[in-house]
Amino acid sequence: MKTLYVKNANDKIGEEIELFGWVYRQRVHGGVVFVILRDSTGIVQVSIHKNNIGPDSFNNAQKVTIESSIRVKGKVVEDSRAPTGIEIKCSEFEIISLAEKFPIQEGAGKEFLLDIRHLSLRSLKLTEIMKIKELIMQGARGYLQENDWHEVFPPIITSAACEGGTTLFSIDYYGREAYLSQSAQLYLETAIFPLERVYSLTPSFRAEKSKTRRHLSEYQHLELEAAWMDAEDIMKVEEELVASMCREISEYKGLERFGRKKEEMILNLPLQRIKYDEAIQIIQKKGIDIEWGSDFGYEEEKLLTSEFEEPFFVYDYPIEAKVFYMKQNPDGKTYACADLLAPKGFGEIIGGSQREDDLKALENRMELDGIDKTPYQWYLDLRRYGSVVHSGFGLGIERLLMWICNLEHIRDACLYPRTISRVEP
RNA sequence: GCCGUCAUAGCUUAGUUAGGUAGAGCAUCUGGCUGUUAACCAGACGGUCGUCGGUUCAAAUCCGGCUGGCGGCGCCA
C-alpha cells in the first residue's frame, strides 16, 4: 500500500523517499530526464541523471509515456529550478504500467475533453474542483450537525411531480409510469413531523431542454426543511449554511487558481435582502422594461446581480411567478419566499420559501392553478394531521461551486456532466 | 421549442469572401542534446475536407437536405 503522498515530500527534505503516482509531464535531455509525477495531492519533479542511476531505471525514465503509473525512489532536495521548489533526485525508476499514447495535450478543445471525460478528469483543474466540491459539502455538514439537522434519504424514483412547469424524466416502473425526482421537498416536508429539521443531498433531474452554461439535467441538490420556521427564519438558515460552506474552503490554497481570494469566501452576515419590488425598480432604472409580476429573465438577473459583490436575497415574489405550495403573504399578491442569487450573473443558488400549512388555502391555490389534487392526497394529509408552520429550500451544489470557482460553465462543476446532448461517458 | 453558429490529419487549426483535387503547430516515430518548465534542433509519418445530393470542364470552397456539436433565449438550482 502507498503510504507517502506528494504533499508529504515537502517535510522530507534530505531524506530518501519512495513515491507512487502517474507521469504528468516528461522531458528527455540526453543524459538527464525530467519527469513530473502527479498524485492526488499534487505534482513534484523527478530528475533522473544517467550517471547516477542504473541503466534499467534510466531507460525506463527515457521511454515512459504521459499518464503511465510509476514508482520512484530518491532523495528530496530543494531546487529553485523545479516547478514546486523541490525535486526528487531519482535513484530508482520503475514503470508499473506503461500508458498508451495519451490522447490529451495542451490546447485540446472542450468538446473533445468532454468526450473523453474519463481521462480528462485527471487534469489538475478538475482535481481541484472535485476537492472544493467535497469541501463545501463538509462545510455544510458541519453546520447542519451543529444545529440539530437530521440527514434523511428520500427516494429518487417518484410518482408525483413537485415543481410546476419543469419537465420530468419518465421511467418504466414495472409497467407503470414513474419519474426521476426533481426535488425531495415534498418528502422532506413529511419528515419534519418526526424529525423537525431535516436535510438531504440527492441528485435532482430536470428534463428541460436547456442549453445554457447554468443548467444540468442532473445536479446535486441539497435540500432543507424545518418545522417551526417561517420565511425569515429559513433565510437565516440559508445564509448561515452558505457562509459555513464558504468558510470551509476559505483556507484552501487551491482556491487561488480560480482567481478567488480567501477574504471573498468570508461572507458578511446578514446578507443583503431586497424585496422583489425593489429588484424590479433596480432593473427598471437600468432601462429594462419589466412588468411587476414576471420572474426575472437571465438578462434582468445579470443586471441585478452585477450590482452586488456577495450573494443576496430577493424575497416576496409575486404569486404568478412562483409555485403553489408556497405560503401566501397577507397582501394576497406575493408569496413568503426568497431566492439567494450569486453576484455577477452566476444566477440563482437557492430557491426557498415558507410552505402553505393551511389545508383550505393550499387546496384553493391548487384549484386556481389547475392542479389535480388526486396524486397529492398524501401531501395534503400533512395539513390534516398536526399541521405546523414550516419552511425549506433547495441549494444547487454545482451552482454554488460555479460561483466559488469562477467557472465559465456549470459542467466543469461535475465529474460527468449530464446535459441535453450528453449522457456519455 | 425558438434564434445564432460550426463541422478540414490523433488534437488545435489555415484555406471558404472572388471554385482549379489541402498548409501549419502539437502529438507520434527516428536521430541529437546532462537543468528542462507547453524544452529545443533536424527529419519522417499522417487528411480527400461530417453526410447525402445538386450546379460546374473542375467543389473543402457555391446551392439544398440530413446528422451531430457549440453558444444563447425561455425554464430553473
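Quick note: numbers below take in every heavy atom, side chains included, and nothing from hydrogens, waters or symmetry partners. Convention: sequence-line order gives letters A, B, ...; per-chain numbering from 1.
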Qualifying residues under salt bridge (charged side-chain N to carboxylate O under 4.0 Å, His left out), relative to [X], sequence neighbours excluded:
X         : value
Arg81(A)  : Asp79(A)
Glu256(A) : none
Asp56(A)  : none
Lys344(A) : Glu309(A)

Taking atom [atom1] in both [N] and [M], compute the distance separating them and give it to the nearest angstrom.
N      : M      : atom1 : answer
G50(B) : A60(B) : P     : 10 Å
A22(B) : G47(B) : C1'   : 8 Å
C6(B)  : A14(B) : P     : 11 Å
U21(B) : C49(B) : C1'   : 11 Å
C63(B) : G23(B) : P     : 25 Å
G4(B)  : A42(B) : C1'   : 47 Å
C2(B)  : G54(B) : P     : 29 Å
A24(B) : G19(B) : C1'   : 23 Å

What about [X], does its side chain sit under 3.5 Å from the base of [N] through a donor-acceptor pair?
X         : N      : result
Arg422(A) : C70(B) : no
Lys302(A) : G72(B) : no
His215(A) : C76(B) : yes
Glu87(A)  : G35(B) : yes

Rounded to whole angstrom units, what separation is found between the [atom1] atom of [X] and the [atom2] atom of [N]?
X         : N      : atom1 : atom2 : value
Leu114(A) : U12(B) : CG    : P     : 12 Å
Glu218(A) : A77(B) : CD    : P     : 17 Å
Phe112(A) : C26(B) : CZ    : P     : 18 Å
Ile48(A)  : U36(B) : CD1   : P     : 15 Å
Phe34(A)  : C33(B) : CZ    : P     : 16 Å
Arg214(A) : C73(B) : CZ    : C1'   : 9 Å
Gln182(A) : C76(B) : CD    : C1'   : 10 Å

For [X], which contact category applies under a 4.0 Å heavy-atom criterion: base, sugar-phosphate, or nothing?
X         : answer
Lys89(A)  : base
Pro83(A)  : base
Asp339(A) : nothing
Ile349(A) : sugar-phosphate
Leu216(A) : base

Donor-acceptor contact below 3.5 Å, side chain Thr84(A) vs main chain Val44(A): no

Thr202(A) backbone acceptor or donor facing Ser200(A) side chain under 3.5 Å: no

Give the nucleotide from the list [options] with an atom nearest to the side chain of [X].
X         : options                : result
Gln45(A)  : U37(B), C76(B), C70(B) : U37(B)
Ala108(A) : C11(B), G35(B), A77(B) : C11(B)
Val28(A)  : C33(B), U36(B), C76(B) : C33(B)
Thr212(A) : A77(B), U37(B), C75(B) : C75(B)

Aro-ring/base stack Tyr219(A)-A77(B), d under 5.5 Å, angle under 30°: yes

Pair up each side-chain donor or acceptor in residues 346-354 of chain A with any protein partner under 3.5 Å, not counting sequence neighbours, and list the distances.
unit_1    : atom_1 : unit_2    : atom_2 : d
Ser353(A) : OG     : Arg355(A) : NH1    : 2.7
Gln354(A) : OE1    : Ala231(A) : N      : 3.0

Phosphate OP1/OP2 of A77(B) contacted by Arg213(A) side-chain N/O (<4.0 Å): no

G71(B) phosphate, OP1 or OP2, under 4.0 Å from His409(A) side-chain N/O: yes

Paired and unpaired positions of RNA chain B as dot-bracket, Watson-Crick or G-U wobble under 3.5 Å, | denoting a partner strand: ((((((((.[[[[.)....(..]]]].(((((.......))))).....[[[[[..)....]]]]])))))))....

Aromatic plane relationship, Trp378(A) with Tyr187(A) - under 30° parallel, 30 to 60° tilted, over 60° perpendicular: parallel

Could you list the donor-acceptor pairs under 3.5 angstrom formed between side-chain atoms of residues 401-410 of chain A and any protein atom two or more places apart in sequence or on another chain?
unit_1    : atom_1 : unit_2    : atom_2 : d
Asn406(A) : ND2    : Phe258(A) : O      : 3.2
His409(A) : ND1    : Arg411(A) : N      : 3.1

Sequence-distant partners of Phe313(A), ring-ring contact (aromatic ring centres under 6.0 Å, His included), two or more places apart: none

Enumerate all atom pairs, one protein N or O and one N or O from nucleotides 27-29 of chain B, separated by less than 3.5 Å.
unit_1 : atom_1 : unit_2    : atom_2 : d
A27(B) : O4'    : Gln105(A) : OE1    : 3.2
A27(B) : O4'    : Gln105(A) : NE2    : 3.3

Ring centers of Tyr376(A), Phe324(A) separated by less than 6.0 Å: yes

Glu310(A): side chain to side chain donor-acceptor pair (under 3.5 Å) partners, not counting sequence neighbours: Asn268(A)

Distance under 6.0 Å and angle within 45° of ring axis: Lys322(A) vs Tyr335(A): no

Compile the donor-acceptor pairs under 3.5 Å between side chains in residues 145-157 of chain A and protein atoms, sequence neighbours left out, one pair per line.
unit_1    : atom_1 : unit_2    : atom_2 : d
Asn147(A) : ND2    : Tyr143(A) : O      : 2.8
Glu151(A) : OE1    : Tyr199(A) : OH     : 3.3
Glu151(A) : OE2    : Arg141(A) : NH2    : 3.1

Identify the pairs formed between an N or O of the protein and an N or O of nucleotides 1-7 of chain B at a distance under 3.5 Å, and give each distance.
unit_1 : atom_1 : unit_2    : atom_2 : d
G1(B)  : OP1    : Lys209(A) : NZ     : 2.8
G1(B)  : O6     : Lys209(A) : O      : 3.0

First encountered from the 5' end of RNA chain B, between Gly31(A) and Gly394(A): Gly31(A)

